[in-house]
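Since the model is a prediction, treat every value here as computed from it, not as a measurement.
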2 protein chains.
Amino acid sequence: MGKLYGAAVVGQSGGPTAAINATLVGVIRSALSEIHDGGCITALYGMRHGIEGLLKKDLIDLDAIFSSESGEDDLTTLSHTPAAALGSCRKKLPKVEDGEEIYATILSVFKEFNIRYFFYIGGNDSMDTVAKLSAYTAKCDYDCRVIGLPKTIDNDLVGTDHTPGFGSAAKYVATTMQEIIRDCAVYTVPAVTIVEIMGRDSGWLTTAAGLPRLISGYGPDYIYLPEKTFTDEQFLSDIRKALEVHPNVVIAVSEGIRYGNGKYVGEGAQSGAKDVFGHQYLAGTGKYLEQMVKEKIGCKVRSVELNISQRCAAHIASWVDLDESECCGEVGVESACDGETGCMIAMERVGGIDDPYTITYKAKDVSQIANQIKTVPEEFITPEGNNVTDACLCYLRPMIAGEVPLSYKDGLPRIYVFS
Amino acid sequence: MGKLYGAAVVGQSGGPTAAINATLVGVIRSALSEIHDGGCITALYGMRHGIEGLLKKDLIDLDAIFSSESGEDDLTTLSHTPAAALGSCRKKLPKVEDGEEIYATILSVFKEFNIRYFFYIGGNDSMDTVAKLSAYTAKCDYDCRVIGLPKTIDNDLVGTDHTPGFGSAAKYVATTMQEIIRDCAVYTVPAVTIVEIMGRDSGWLTTAAGLPRLISGYGPDYIYLPEKTFTDEQFLSDIRKALEVHPNVVIAVSEGIRYGNGKYVGEGAQSGAKDVFGHQYLAGTGKYLEQMVKEKIGCKVRSVELNISQRCAAHIASWVDLDESECCGEVGVESACDGETGCMIAMERVGGIDDPYTITYKAKDVSQIANQIKTVPEEFITPEGNNVTDACLCYLRPMIAGEVPLSYKDGLPRIYVFS
């Protein structure tokens, strides 16, 4: 594969995470090296709001921005800033045959800016964009290296040991769960606390709620995942059993837990309830279970929805996660310069979960990755289906390790915002 | 006032905070010095679950626990552990004339253990306990020093510049608000995000949501406090105005905002809605406003309830707050040994909000403090009533300063738990 000279463009897509800007920084650092050392990459643009920005030629010159005197400091701050600093979008590209116009627009922008390197940081939908775009440019004989850089707090991409962004979300969930368990332990009155954690199709992030059990010895009583069929009977019976042992029962549930008929538990609350404006009331899984415990058991009960902090709590990001996320960006640029295209940068764990933690990075065919979902395997869930195994926690543990040396101003973490 | 020799007892009461254990550590450190240096205090007991533990003689020997080889390390970990490590209670003492029996029980426990020093860490109700107990022991001619040590994330105690625990909660709120604002900024579709913050009677904690504006330049669009009458009309008009300027509107509201008729806004949601079990549905203020925006404006909208992390997110505690909280404990012991009783340790700020931040500690008559509420003053709220002033943010800023050098194990903050 010969050397390919041209401009690079990088964008972010899908939901924000605490680590997506670290991957952006990895791309910027590597691409700027290429630019300034006379490598293949000749310019670096950032798409505002992902592919939408590319279509509108809403591009910013990242070389100009970060080659300034404060560039290195700004990059460090950017890597610690939550959410997608370039902006994001939820746009999914159509099939090539259904959207010739949009692909033609992309190609014309590529040609106008001589874009030969396309880096897209995102989850499943973004990998689909990478697969389609690499196939399209190949079909058009337009020489271009199209690389996907994974990012999702859901950890549900196949072909990679785990995903950048997951470790930081897991560290937030584990830390918050440990704090909630302490908070719940102060009173002697029987009480149930239900913590709802993100994860519609897979329970990975909810498994992280179990980490305090492995690390400090105090975990939640039960953990319910979408991978196991949920029944009201077992849930209530589990709680009654726990209340016999101690008064402060703490439960973690995935928002996506489902009944045997395939319906989300949270949907139950939507079947009848209407709000004061006459609209269907969307309660959420935790709120629905809270009402159920109140009704059927009658003890003190509350639900806590961890909400968007799960994807943006950069102040408690995992050092390992941010380091790996940045590495993915760097390896993406290197792989592209080496001739890879239509790939996603995947992480492979060397050895088993009992070996010292070592990760290698590898470009993998993105068409084998996009549009699939990796769920929590059987051996990571207890036979009763209401908790996670130690093997699961040992798999998770290295991903939340290490604290990020944040820079603070007047008590708040410094952030980088593109003007 | 002559020297008074005898045992000391310390307890925690009311809702947990991230700093209440730091005050406990202040008491333990000072009392242990007294014990080991031949001072007035001869023993130190911890009440389990506050006054309830005292009544049941559920006391633990804190001298024995922390005079061990690992004692100093354990105290540091304890000071960084969230929630009330001794356990808490919600018990309010009756008037002396209505509860002779309970007071007699307390006195008999005092006599049995020769308790001459009583330290109670808590909020308004706990200060009421301190006031009643000091009056009762004086009435009985039982020489005892009864001291209140303030703690509340609500910052609503009178007689003190601010309360221990508030700074850490404010730092959590400000940090999370900054992260949520970044998270909301990634898309171009008009959207409203409503963040509900604790505070039933005063809006202090909600004011902290404004700190990112002062420190990093990006604050929420509006802040609504219980101190100002809430109207749906202004709320909707404010949002419409903001949406004309930018698509990502972020709003902070106190759970305790009220209409002109005195009803909580959150009560609106309770007037008609029933859950699927036929119970009155308790929506909460944020959820109610979310439905209102959906109904009346029709744009994308979500609400986020920060929930109990506000009082237990020790991983983002304020160093200033933890330091001040521990100082309150130490000064409490010193003041008691010096003869004070019926007092709360208050903090006074030397100079104005533009001067360098300096705090002095002073024992104040607790009967002048208990059962009153300090609200956010007029000059801290904008004339429109929908935001906080810079003067308010300058008052708050020093309280969130500094980060606590936490010790981590495998990625989770270490915690101390009494066995």
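Heavy-atom pairs under 4.5 Å with chain B were tallied for A:G167, A:C184, A:G87; the largest tally goes to A:G87. In terms of heavy-atom pairs under 4.5 Å with chain A, the best-connected choice from B:I400, B:V189, B:I215, B:I316 is B:I215. Between chain A and the residues B:E290, B:M399, B:R90, B:R414, the most heavy-atom pairs under 4.5 angstrom are made by B:R90. Interface check for chain A: of the options B:G50, B:A314, B:G15, B:P398, the most heavy-atom pairs under 4.5 Å are formed by B:A314. In terms of non-hydrogen atom pairs under 4.5 Å with chain B, the most contact-rich of A:G217, A:A313, A:A85, A:A18 is A:A313. The most heavy-atom pairs under 4.5 Å with chain B, out of A:V320, A:L211, A:V304, A:L306, come from A:V304.
Between B:I308 atom CD1 and A:T193 atom OG1 the span is 6.0 Å, to the nearest 0.5 Å. Note that CZ of A:R397 and CG of B:D410 are 5.0 Å apart. Values are rounded to the nearest 0.5 Å. Residue A:D183 holds its CG atom at 8.5 Å from OG of B:S309, rounded to the nearest 0.5 Å. From B:T175, atom OG1 reaches atom CD1 of A:I415 across 11.0 Å, with rounding to the nearest 0.5 Å.
The part of A:N307 that comes within reach of chain B is its side chain, from C-beta onward, which places non-hydrogen atoms under 4.5 angstrom from that chain. Residue contact with chain B, scored on non-hydrogen atoms closer than 4.5 Å, involves the side chain of A:T176 exclusively. For A:A84, the parts lying near chain B are the backbone and the side chain together; criterion is any non-hydrogen pair under 4.5 Å. Residue contact with chain B, scored on non-hydrogen atoms closer than 4.5 Å, involves the side chain of A:R302 exclusively. The part of B:A185 that comes within reach of chain A is its backbone (N, CA, C, O), which places non-hydrogen atoms under 4.5 angstrom from that chain. Within the 4.5 angstrom heavy-atom criterion, only side-chain atoms of A:E52, from C-beta onward, approach chain B. Using a 4.5 Å cut-off between heavy atoms, A:T17 makes no contact with chain B at all. A:P212 touches chain B through backbone and side chain together, each having a heavy atom under 4.5 Å away.
Minimum interatomic distance between B:Y187 and A:P16 (heavy atoms only, all atoms of both residues): OH-CD, 4.2 Å. When every heavy atom of A:C312 is checked against every heavy atom of B:I180, the shortest pair comes out as SG-N, 4.2 Å.
Exactly one residue among A:S88, A:S13, A:C89 makes a side-chain contact (heavy atoms from CB on, under 4.5 Å) with B:V186. That residue is A:S88.
In terms of modelled atom types and a separation under 3.5 Å, the side chain of A:Q178 and the main chain of B:P413 share a donor-acceptor contact. No side-chain donor-acceptor contact under 3.5 Å links B:K171 to the backbone of A:L412. For B:E179 (side chain) and A:P82 (main-chain N/O), no donor-acceptor pair under 3.5 Å exists by modelled atom type. Checking side-chain atoms of A:E403 against main-chain N and O of B:Y408 turns up no donor-acceptor pair under 3.5 Å. In terms of modelled atom types and a separation under 3.5 Å, the side chain of B:K409 and the main chain of A:S216 share no donor-acceptor contact.
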Can you check side-chain contact (heavy atoms from CB on, under 4.5 Å) on B:K287 and A:K287, steps first, answer last? CA-CA 12 Å; B:K287 207 76 186 164; A:K287 208 74 186 165; over 6 Å; no
